[in-house]
Amino acid sequence: MSTATAVINLDIEGPKISRHLYGHFAEHLGHCVYGGFWVGEDSPIPNEGGIRLDVVQALRELNIPNLRWPGGCFADEYHWRDGIGPREQRPRMVNTHWGDVEENNHFGTHEFMALCELLGAEPYISGNVGSGTVQEMSEWVEYLTRDGDSPMARLRRANGRDAPWRVRFWGIGNETWGCGGNMRAEYAADLSRQYATYCRDHGDNKLYRIASGASNDDYKWTETLMRQISCFGCEATPKNFFQALSVHYYTMAGPWEAKGSSTVFDTDDYYRTIAAALKLDRILTGHSTVMDCYDPSRTVGLVLDEWGTWWDVEPGTNPGFLFQQNTLRDALVASTHFDIFHKHAARLHMANIAQTVNVLQAMILTDGDALVLTPSYHVFEMNKGHQDATSLAVHLRTQDARRQVGDAELGTLSASASVKDGEVLISLTNLDAEEPAEVMLDLRGGMIGEPTARLLTADRLQDHNSADAPGAVSPRPFDAFEVVDGGLTLTLPPHSFLTVRGPVSPRA
């Protein structure tokens, strides 16, 4: 058994944790949209206007803050006018990126906005820079957000929607370094300025434009974008072309061509996965450092709008549909990612799990009328109290909570904390596959009253939920802790995620 101390100053508040760090992503990919969110109005599965209601209810339980759509790579071959008007008259297209299947465009702009309204989530639309035009994206913004008697407002009304929607978040392309056009950073940066210029604010709808940013640790790409809006080391306010830039990072246990199975893996594979997940802290630090040189006041946001685990597809499924199971290992990747997000809350404004339903590290798996909540879903639900809370720094002393992974040493305890409405929420993950961890929560500057705790774990790291065993990996109450002067002591089981919450009061 390892031992660790987590020192938390309850009265020293850090940056606010934006609720948008708990965002989601829905691409026209596999069964994420069709069969996931959308079943059609004639489906026997309960729906509202074709939108699947059990999926909506499950996501509302997470307080889902935003949903990114229509891609991903699909966004840069999607032309929004094909997805409006009577469904039977919409043209078909071929989804060349994902499975080479035909897309009937039955789920388009109006259906997506109806979905966001049902979810209570803000829409995040990723615009087509790769194969689209400046005019096309400019008119999409006008169609969605302009009131009055403009051409696009009239077209929207002709399609049944009188009032404009509020749509703040707009992606200026996606992965322009790859599937979004295979561009050079300098060319993509110029396009970002151009497209952002014509994505206009209409009325009181103020856009938050997100330039397509780097892959992994390509800090040069970030610098190239920042040079478009500011100067190195200067104190000038960055030009207002775009308000954020993105970065993408996926966690894998091996190389791209041999990512490994989502369910068949050993302990070494697990530790390689966790080591890869924890690299995100260094990557976000690198991008933030570059941005600080051009924007020391941190007015420009960093957006991790694709993250998650990526495994080989399940045997017997369409390779282009990216369907994978979701085990306890995936849940622990999610919990450690959130700790990293909270640490970077001053610069990181949004993050979007890839993807919400039936694709990659999904929250929900559907099969006909069956719906399964994955272990990753439960991490989002257990952590939702961090949304829009004030972060609290966690100082870990973990002399022996470590494992050797290759040439590197891996810390096996991860933690973060926040306070909101007089209540503290502490998240703890024991990443050790085999050994429990005895943890002392050393709470300073206040006291926690009547704490409650919940635990997510399973017998094996490979355990997962299915239609036959939907609760195999699910949270349960945890009361094996002791309140002591100055905090709490508890023992975390191996490979487990725990949340502790309770009201905060001053020390007597």
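Both backbone and side-chain heavy atoms feed into the values below; hydrogens, waters and symmetry mates do not.
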Applying side chain to side chain donor-acceptor pair (under 3.5 Å) to Y22 and H386, what does each step give before you reach the verdict? CA-CA 9 Å; Y22 286 79; H386 289 300; 5.0 Å; no
Do the side chains of D295 and R347 get close enough for a salt bridge, i.e. N-O under 4.0 angstrom? yes
Give a yes or no on whether a salt bridge exists between D281 and K343, defined as a side-chain N under 4.0 angstrom from a carboxylate O. yes
Between S261 and D312, do the side chains contain an N or O donor and an N or O acceptor separated by less than 3.5 Å? no
Any donor-acceptor pair under 3.5 Å linking the side-chain atoms of H20 with those of N352? no
Distance-minimising heavy-atom pair for G411 and L278: O-CD1, 4.2 Å
Taking R403 as the fixed residue, which of E434, E435, E409 is the one that meets the side chain to side chain donor-acceptor pair (under 3.5 Å) rule? E434
Quick one, Q324 with E314, criterion side chain to side chain donor-acceptor pair (under 3.5 Å). Give me CA distance, side-chain angles, the key distance, then yes/no. CA-CA 5 Å; Q324 62 187 41; E314 289 295 306; over 6 Å; no
Quick one, D463 and T327 - any side-chain contact, counting heavy atoms below 4.5 Å? no
Flag side-chain contact, heavy atom, 4.5 Å: Q355 against L29: yes
For atom NZ of K206, decide whether the heavy atoms of other residues, nucleotides or ligands shown that lie under 6.0 angstrom number more than 12. yes
Cation-pi check for F25 against R68: NZ or CZ below 6.0 Å from the six-membered ring centre and within 45 degrees of the axis, yes or no? yes
May I have the step-by-step check of side chain to side chain contact (heavy atoms under 4.5 Å, CB included) for H495 and L332, ending in yes or no? CA-CA 8 Å; H495 52 259; L332 300 184; 3.9 Å; yes
With a 6.0 Å cut-off on the ring centroids, do W307 and F341 count as close? yes
Please lay out, stage by stage, how R402 and T412 fare under the test side chain to side chain donor-acceptor pair (under 3.5 Å). CA-CA 5 Å; R402 300 187 175 278; T412 54; over 6 Å; no
